[in-house]
Amino acid sequence: MRDDLTLKKHPIRGAIFGLIAGLGIALLLISHSVMFLGGLTPLITIVFFLLLGILIGAAGPKRKSRT
């Protein structure tokens, strides 16, 4: 098999982007008074988007590696 056809998935990159998206959306919802800062819902929102990012990174479309 040729090296230039190697396809890779990126679950770690998906986790990082999911964490950043979860933090941003949680802060947005807190600033618009949709959810309260002291509750458990910001943590649930962050964890949900973290898991969603991992899922998309692991099960999403493959990309060619640049090496």
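Below, each value reflects all heavy atoms present in this structure, side chains not excepted, and no hydrogens, waters or symmetry copies. It should be emphasised that the depicted structure is a prediction, and the values quoted were computed from it without experimental measurement.
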Please report the interatomic distance CD1(Ile46) to CG(Leu51), rounded to the nearest 0.5 Å. 12.0 Å

When Ile, Leu, Val, Met, Phe, Trp and Tyr are grouped by side-chain heavy atoms lying under 4.5 Å apart, directly or through other members, which residues fall in the same group as Leu37? Ile25, Leu29, Ile30, Val34, Met35, Phe48, Phe49, Leu52, Ile56

Looking only at heavy atoms, what is the nearest atom pair of Leu50 and Ala15, with distance? CD1-O, 3.2 Å

Quick check: do Leu23 and Ile20 have side-chain heavy atoms less than 4.5 Å from each other? no

Remaining members of hydrophobic cluster (4.5 Å side-chain criterion), Phe36: none

Which heavy atom in Ala26 sits nearest to a heavy atom in Pro42, and how many Å separate them? CB-O, 4.2 Å

